[in-house]
Amino acid sequence: MSRVVVFTSGKGGVGKTTATANVGISLALRGKRVIVIDADVGLRNLDMVLGLENRIVYDVIDVLEGHVTPEKALIRDKHTSNLYLLAASQTKGKELVDLEKFAKLVDHYRNLADYVLIDCPAGIEHGFRVAVTPADVAVVVVNPEVTSVRDADRVVGLLESMGKRESYALVNRVQPERVSRGETLAPEDVEDLLRIPLVGIVPEDPRIVEASARGEPVALQNHSPAGYAFRNVASRLEGEQVPFDELSRAKKSFLERLFGR
Amino acid sequence: MLRYLKRLRGGKKVTTREVARQRLSMVIMIDRGVLPPGMLEDLQEDIRKLLARYPVFDLSNLVIEMKEADSRQKVQIVVPIKTETSP
């Protein structure tokens, strides 16, 4: 049974696209067939994070308008053999994205893959509804900051009203030292406040910026704390019971760095 | 240094984490329509006024927070008692 997972947040800039790319890569590394869809029409970015920006010929609007088949518009990932990207359009307007047509397209992709991951646009308007409607599972990406958590709570409410029963929180950009000093919200606070279970705790990792710059997601790096955390998200989506040791490991790797490992 | 020593001896200040939790728990309840806006300030003021009559309480570290327990929403009020080292 294939699963459709939407990555959403309400607030922009919390790491939805990074999360979609890295969880997609992680699932593909586990041998799953994965299709990632950039639903952020007009602000295409998933292609950059995956390093596929030069390979795009067709985009989601071309498919929805029937100019090309859904299969032909997919771009094969260069890092893993079973990940495919459907890019957002950059110039064609988002008002062109029809909710029902998009849902039908996602259903078509269901038959081709084990996982269809959708990178949702920021905000809670039309684009949000389009991206969320076809999903079985929602991953709410949230930073441990009051503004992000408040917006995420709004999204959780909307997901409930849309009949989405399976939602998880992915707490991104957590600074382990600050959490232990009580200077910031802890992942368990976010879980308590949003009242949805955690699926991931991703430590802040300077390698993320470098990885995006190079188009090589951190999930491909063995020593990146964030990469490890994203691979754990994939394992949990697969139903595995994985302990939440991301922060203690991230701290350890800092010490390891200090002592030259 | 003095502050650090005070902290060690138990005169602990409310952490940023706790303040953030408290503020979020309230604002989320207002956003969800569970609590009417403005109620929190009134409640806080009333509780402070009442507790100010008892000097034993440390009102600078008063915590008022929404909690869910036994699938019911509850307001949890934590009133620390002053320790010797507290100002």
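So you know, we letter chains A, B, ... as the sequences are listed, proteins then strands, and number each from 1. Any value given below was found using the heavy atoms of this structure, including those in side chains, with hydrogens, waters and symmetry copies removed.
Counting heavy atoms from C-beta on, the side chains of B:Arg21 and A:Leu185 come closer than 4.5 Å. Residues B:Leu24 and A:Asp153 have side chains not in contact (no heavy-atom distance under 4.5 Å, counting atoms from C-beta outward).
When heavy atoms are compared at a cutoff of 4.5 Å, A:Arg195 approaches chain B solely by way of its side chain, counted from C-beta outward.
B:Thr15 and A:Gly182 make their closest contact through CB-O, 3.3 Å (heavy atoms, listed as atom of the first residue, atom of the second, distance). Closest of all the heavy-atom pairs between A:Asp189 and B:Arg17 is OD2-NE, 2.7 Å. Between B:Ala20 and A:Val146, the closest heavy-atom pair is CB-CG1, 3.9 Å.
Counting heavy-atom neighbours within 6.0 Å of B:Met29 CE, excluding the residue itself, gives a total above 12. A 6.0 Å sphere centred on CZ of A:Arg173 holds no more than 12 heavy atoms belonging to other residues, nucleotides or ligands. With a 6.0 Å radius and a threshold of 12 heavy atoms from other residues, nucleotides or ligands, A:Arg3 has its CZ atom above the threshold. The 12-atom threshold is not exceeded at CD of A:Glu100, counting heavy atoms of other residues, nucleotides or ligands nearer than 6.0 Å.
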